[in-house]
Amino acid sequence: MGESKVEEALRMFPLPVSVVTVGRGAVENALTISWASPVSFEPLQFMIAVDKKHYSVEFLESTKNFVINLLKADQRKLAGHFAKRSYTGKGKLDEVATREASTGGAILTDALAYFDCEVVARYDAGDHNLYIGRVVEAGVLGEGEPLTTGAGIRYVKSKPS
Ligand SMILES: Cc1cc2nc3c(=O)[nH]c(=O)nc-3n(C[C@H](O)[C@H](O)[C@H](O)COP(=O)(O)O)c2cc1C
């Protein structure tokens, strides 16, 4: 299976783009996620796939909550901002308007919709972990279309450093 064919096929797969916030209170972080989906109606549950090497994993393992903030079509810049790797001393959430969700996580007040989740399971999925979250609160915050990978913003495999 040629690498370029794989990448080409993956590019065909349309996905919504969200900012997922992790942690609670002053101890929090956020990252851009497109590998996310609802997986159950009853109870309502979502899954997110997170690279095992991401800083955000520490939060998911300790506070066991996350908020999926589905972005609007015109929030591409925000997706780029949260796709930056975290480094000490500079919180990615510092200059973004948020309010506290039921789990204590952060809701981006300018998002299209949000799903506040408690982690109920974690599965090993190769180089990513799948976190299953039970939705404890959800809401619509805005109007319009969601940002999708069709807009030319995509999750690409990070090159070894
Ligand atoms: C459009 C887009 C989608 C992304 N989707 C995911 C994803 O589903 N899972 C993931 O682990 N990283 C994804 N990323 C990469 C992370 O957002 C990025 O590596 C980020 O720096 C991780 O944040 P952290 O270092 O603060 O944990 C995506 C990036 C972009 C631009």
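We number each residue from 1, following the sequence as shown. Reckoned from all heavy atoms, side chains included, excluding hydrogens, waters and symmetry mates. Both ligands and their constituent atoms are indexed starting at 1 by order of listing.
- Residues Ala36 and Ile33 come closest through the heavy atom pair CB-CG2, 3.9 Å.
- From the protein, the heavy atom lying nearest to atom 3 (C) of ligand 1 is Ser34 OG, 3.3 Å.
- Cluster annotation: Leu44 is not connected to Val39 through the hydrophobic network of ILVMFWY side chains, with a link wherever side-chain heavy atoms come within less than 4.5 Å.
- When side chains are defined from C-beta on, Leu31 does not count as touching Tyr55, because their heavy atoms never get closer than 4.5 Å.
- In the vicinity of Ser86, heavy-atom distances shorter than 4.0 Å reach the ligand 1 atoms 24 (P), 25 (O), 26 (O).
- Contact check on Arg122 versus Glu61 returns a salt bridge, with a Lys/Arg side-chain nitrogen under 4.0 Å from an Asp/Glu carboxylate oxygen.
- For ligand 1, the atoms sitting less than 4.0 Å from at least one non-hydrogen atom of Ile153 are 1 (C), numbered in the order shown with element in parentheses.
- Other residues, nucleotides and ligands contribute over 12 non-hydrogen atoms within 6.0 Å of the CD atom of Glu137.
- Counting only heavy atoms of the protein, atom 16 (C) of ligand 1 lies nearest to Thr32 O, 3.6 Å.
- Atoms of ligand 1 found under 4.0 Å from any heavy atom of Trp35, numbered from 1 in the order shown, are 8 (O).
- In the candidate list Tyr155, Tyr55, Phe59, Tyr155 is nearest to atom 15 (C) of ligand 1, counting heavy atoms.
- The N/O atoms of Ser56, backbone and side chain alike, include one that comes under 3.5 Å of an N/O atom in ligand 1.
- At least one heavy atom of Ala49 lies less than 4.0 angstrom from ligand 1.
- Contacts between Lys92 and ligand 1 below 4.0 angstrom, taking non-hydrogen atoms only, involve the side chain exclusively.
- In this structure a side-chain-to-backbone donor-acceptor pair under 3.5 Å is missing from Thr103 to Asp116.
- Residue contact check: Arg85 has heavy atoms under 4.0 Å from atoms 21 (O), 25 (O) of ligand 1.
- At a 3.5 angstrom cut-off on N or O pairs, Ala83 counts as close to ligand 1.
- Looking at Asp51, Ile48, Leu15, it is Asp51 that brings a heavy atom closest to atom 11 (O) of ligand 1.
- In summary, Lys53 and Asp127 do not engage in a salt bridge, as defined by a charged side-chain N under 4.0 Å from a carboxylate O.
- Tested against Trp35 for a ring-ring contact (aromatic ring centres under 6.0 Å, His included), the candidates Phe46, Tyr155, Tyr131 yield a single pass: Tyr155.
- Between Val50 and ligand 1, not a single N/O pair is under 3.5 Å apart.
- Taking every heavy atom of Asn29 and a limit of under 4.0 angstrom, the matching atoms of ligand 1 come to 24 (P), 26 (O), 27 (O).
- Side-chain contact between Val96 and Phe82: present, with at least one pair of heavy atoms (C-beta onward) separated by less than 4.5 Å.
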